[in-house]
Amino acid sequence: MASTVENPTNIPEHCPGTDSANAGKASACAGCPNQQICASGPAGPDPGIQLVKERLEQVRNKVLVLSGKGGVGKSTVTAMLSRSLAARDKDSNVAVLDIDICGPSQPRVMGVLNEQVHQSGSGWSPVYVDDNLSVMSIGFLLSSPDDAVIWRGPKKNGMIRQFLSEVDWGNLDYLLMDTPPGTSDEHLSASTYLSQAGLTGAVIVTTPQEVALLDVRKEIDFCKKVKIRVLGVVENMSIFVCPCCKRLSEIFPATTGGAKKMCEELNVPFLGSLPLDPTVARYCDEGKDFISELPNSPVVQALGEIVKKLVMVCESREE
């Protein structure tokens, strides 16, 4: 797996990256075996940006799924959105790209945990969950789901570039990209490589309590600073639905008004709230299609409204 990534080995922790003007010149470069190569390398834009642009020309909507806070269910929401988009219109093609390099969740959530990717002359072929739903993840390249990916920033960036430029997606209506929490290497790499590829925008996932909203505000600020359009915010686990009595409870109390009030304050769209249903959570753990098997679940009904708003926002961009 490691040999597929074209990056130098023994990279220092604070390496500025080969694309930086300080490549080979920063204090972190001292003692690095690649210092001379980086210092004498050509300055200029990363050629990967053009490769990504060409590869994704047939993808209508490219959507990043972000969250400043871990544990808010971002990967699950990504899978939910993709399944709902694919089920909404069987003639549309939807794909998920898992760029959470150190914590890939999509193979399990999408029910394709033991699948492998194949390579051809046109690039890597994604794994198909359904006729119009596919997924790509580093999880498919690991020998075991328990294997840890212990990579520094530049190597992770190289993997993201490969995913964006070498996967043969074909014609897609939606490409949803599941990212790790925070505003660091993976996010900067994705925004840089997608800068000329017509990135549609970002969906941001949060939970109602203020401790999550604090980090989500930083994520929204990140989007503004790198000029990524915020398509909307999804509030996950807003209400707990008891599977026995169907009684509703607030597990994460919205003490400051929750995501809806935050969106009003920051002037970003609010797409809706998703309740917490243990049955749906179990289906996601097992990689089952909850859309078709649990059509009456409050989660599926709320998800349908969220996807409807998301499609409208994406289509308004194309007009």
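For the single chain, residues carry numbers from 1 onward in sequence order. Owing to the predicted nature of the structure, the values given are computational and were not obtained by experimental measurement.
- Between the side chain of K62 and the backbone N or O of L194, no donor-acceptor pair lies under 3.5 Å.
- Closest approach of F163 and I138 over heavy atoms only: CZ-N, 3.5 Å.
- Contact detail for P275 and V299: the closest heavy-atom pair is O-CG2, 3.3 Å.
- Closest non-hydrogen pair, L64 versus A190, comes out as CD2-CB, 4.1 Å.
- For R108, the CZ atom sits in a loose shell: 12 or fewer heavy atoms of surrounding residues, nucleotides or ligands are nearer than 6.0 Å.
- In this structure, Q50 CD and S165 OG are separated by 11.5 Å, a value rounded to the nearest 0.5 Å.
- Taking both residues in full, the closest heavy atoms of S105 and D98 are given as N-OD2, 3.1 Å, listed atom of the first, atom of the second, then distance.
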Practice problem: Go through the steps to decide whether E219 and T183 satisfy the test side-chain contact (heavy atoms from CB on, under 4.5 Å), and finish with yes or no. | Solution: CA-CA 7 Å; E219 197 76 48; T183 54; 3.7 Å; yes
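- We find the CG-CG distance between D91 and D173 to be 9.0 Å, quoted to the nearest 0.5 Å.
- D168 and S122 share a side-chain donor-acceptor pair at under 3.5 Å.
- Note: the hydrophobic cluster containing M237 does not contain F290 (ILVMFWY, side chain heavy atoms under 4.5 Å, direct or indirect links).
- Salt bridge D130/R83: absent, no basic N to carboxylate O contact under 4.0 Å.
- Under a hydrophobic clustering in which Ile, Leu, Val, Met, Phe, Trp and Tyr are joined whenever their side-chain heavy atoms come within less than 4.5 Å, directly or via other members, L56 and W124 fall into the same cluster.
- One finds the CE atom of M177 at 9.5 Å from the CG atom of L66 (value rounded to the nearest 0.5 Å).
- A distance-only check finds a donor-acceptor pair linking the side chain of S67 to the backbone of K69 [under 3.5 Å].
- In this structure, C284 and M80 approach most closely via the heavy-atom pair SG-CE, 4.5 Å.
- V307 and F270 end up in different hydrophobic clusters when Ile, Leu, Val, Met, Phe, Trp and Tyr side chains are linked at under 4.5 Å.
- Looking only at side-chain heavy atoms (C-beta outward), L176 and L85 come within less than 4.5 Å of each other.
- How far CD of E293 is from OG1 of T279: 11.5 Å, rounded to the nearest 0.5 Å.
- For the pair S273/I239, no side-chain contact is recorded, criterion being any heavy-atom separation below 4.5 Å from C-beta on.
- Using a 4.5 Å heavy-atom cutoff, the side chains of L97 and L164 are in contact.
- A 4.5 Å side-chain heavy-atom check between E115 and V135 finds every atom pair outside the cut-off.
- Each of I228, L266, N267 was compared with I220 under the side chain to side chain contact (heavy atoms under 4.5 Å, CB included) criterion, and only L266 meets it.
- N93 contributes a side-chain N or O that, together with a main-chain N or O of N171, makes up a donor-acceptor pair within less than 3.5 Å.
- Between the side chains of Q301 and E305, no donor-acceptor pair of N or O atoms lies under 3.5 Å.
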Exercise. Give the intermediate values and the outcome of salt bridge (charged side-chain N to carboxylate O under 4.0 Å, His left out) for residues D221 and R217.
Key: CA-CA 6 Å; D221 184 55; R217 288 185 179 94; over 6 Å; no
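- In the hydrophobic cluster analysis, where Ile, Leu, Val, Met, Phe, Trp and Tyr join through side-chain heavy atoms closer than 4.5 angstrom, V77 is grouped apart from V109.
- Residues V203 and V63 have side chains in contact (heavy-atom distance under 4.5 Å, counting atoms from C-beta outward).
- Within the 4.5 Å cutoff, no side-chain heavy atoms of Q116 are placed close to those of F140.
- A donor-acceptor distance shorter than 3.5 angstrom exists from the side chain of D147 to the backbone of S144, with no hydrogens or angles considered.
- The shortest side-chain heavy-atom distance between L213 and K261 does not fall under the 4.5 Å cut-off.
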Practice problem: Start with the C-alpha distance between V117 and V127, add both sets of side-chain angles, then the distance that settles side-chain contact (heavy atoms from CB on, under 4.5 Å), and finish with yes or no. | Solution: CA-CA 6 Å; V117 296; V127 172; 4.1 Å; yes
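- Minimum heavy-atom separation, N157 to Y193: O-CE1, 3.9 Å.
- For E235 and K260, the salt-bridge test fails: no basic side-chain N is under 4.0 Å from an acidic carboxylate O.
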Quiz prompt | Pair I49-S195, side-chain contact (heavy atoms from CB on, under 4.5 Å): steps then yes or no | solution = CA-CA 8 Å; I49 295 174; S195 60; 4.1 Å; yes
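- In this model, no donor atom of one side chain and acceptor atom of the other lie less than 3.5 Å apart for Q106 and S137.
- The closest donor-acceptor contact from the side chain of S316 to the backbone of V313 lies under 3.5 Å.
- Separating the CG atom in L303 from the OG atom in S297 is a distance of 9.5 Å, to the nearest 0.5 Å.
- The only option from D100, T206, D178 that meets the side chain to side chain donor-acceptor pair (under 3.5 Å) definition with K74 turns out to be D178.
- Using a 4.5 Å heavy-atom threshold, the side chains of Y174 and S82 count as separate.
- Distance check: F222 CZ to H187 NE2 gives 6.5 Å after rounding to the nearest 0.5 Å.
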